[in-house]
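Counting starts at 1 for both ligands and their atoms, in listed order.
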Amino acid sequence: VKNKLKEIDAQFVATFDDCERFACLARGKEFQIESCEKLDALLQTIKDAKRIAIQKKDENAANRLLYYEQLTRTLISELRMWISFKENLPEQAWGHLVNAQTDLKGALMAFDVGDILDPYVEKLSVLEELLFPKMLFASVGIKPKKKTCSICNSDYEGCDHIKGRAYMGQLCTCIIEECELEEVSIVEDPANKHCRIMSITEGNFERNAMTWEIIEPKEKG
Ligand SMILES: [Zn+2]
């Protein structure tokens with residue numbers, strides 16, 4: 001595992017640096033697409049190595065590989081955001097940005113790397129502010145009735161795993177299997193930024209809340 005890990009360390013750094021150069025608006029779309037393909041291949045290599053680390057019960061290696069996996073996914077999502085803007089698909093671009101932020105958060109949970117990711121966290125938050133309008137989100141208030149741990153599949157309240165922490169290359173999540181819906185409210189700073197208000201009604205017509213374009217009414221019949 002040690003030698004394999006060293007090899008992947010080098011491969012990760014080289015591929016990440018190579019592709020990160022294209023994560024901005026001015027670079028050609030073809031290089032951004034090519035970078036996504038390179039990163040997809042890297043992701044597969046990392047996953048294969050992680051499987052071996054898990055088999056060997058090497059938790060440190062597995063979590064380090066999870067960290068690489070999360071960072072690779074982050075860069076893929078950022079590149080996809082730029083590609084979506086070029087294809088005039090701002091709503092998809094938003095989805096990719098939110099995925100990038102989530103995956104980067106996962107990288108921070110996976111492995112302790114001090115503050116080296118702070119500039120990347122900052123970059124994504126600045127992009128959110130500069131590239132997108134202020135949006136409104138729906139926040140869903142729920143009362144969970146049954147919670148399951150993603151690591152051991154047993155009742156989350158009864159096990160020792162803590163959500164957000166990495167265990168043998170996997171991030172623990174608490175899966176809400178059953179819940180009661182308490183309320184839905186409109187907020188500016190939501191837990192889930194995918195949950196946004198898509199359109200607003202203005203008089204007789206509806207606008208796309210992101211692009212401000214008028215949504216043509218669907219023909220009836
Ligand atoms: Zn558990």
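Between Tyr67 and Phe12, the ring centre distance reaches or exceeds 6.0 Å.
When only modelled atom types and interatomic distance are considered, Glu206 and Thr201 share no side-chain donor-acceptor pair under 3.5 Å. In summary, the side chains of Tyr68 and Asp9 do present a donor paired with an acceptor at a separation below 3.5 Å, with no hydrogens or angles considered. A side-chain N or O of Gln101 and one of Glu128 form a donor-acceptor pair less than 3.5 Å apart.
Within a 6.0 Å radius of CG in Asp118, more than 12 heavy atoms belonging to other residues, nucleotides or ligands are found.
Sequence neighbours left out, the pairs with a member in residues 151-176 that pass salt bridge (charged side-chain N to carboxylate O under 4.0 Å, His left out) are Lys147-Glu157.
Annotation: protein N, O or S atoms under 2.8 Å of the Zn ion (ligand 1) (waters excluded) comprise Cys149 SG, Cys152 SG, Cys159 SG, His161 ND1.
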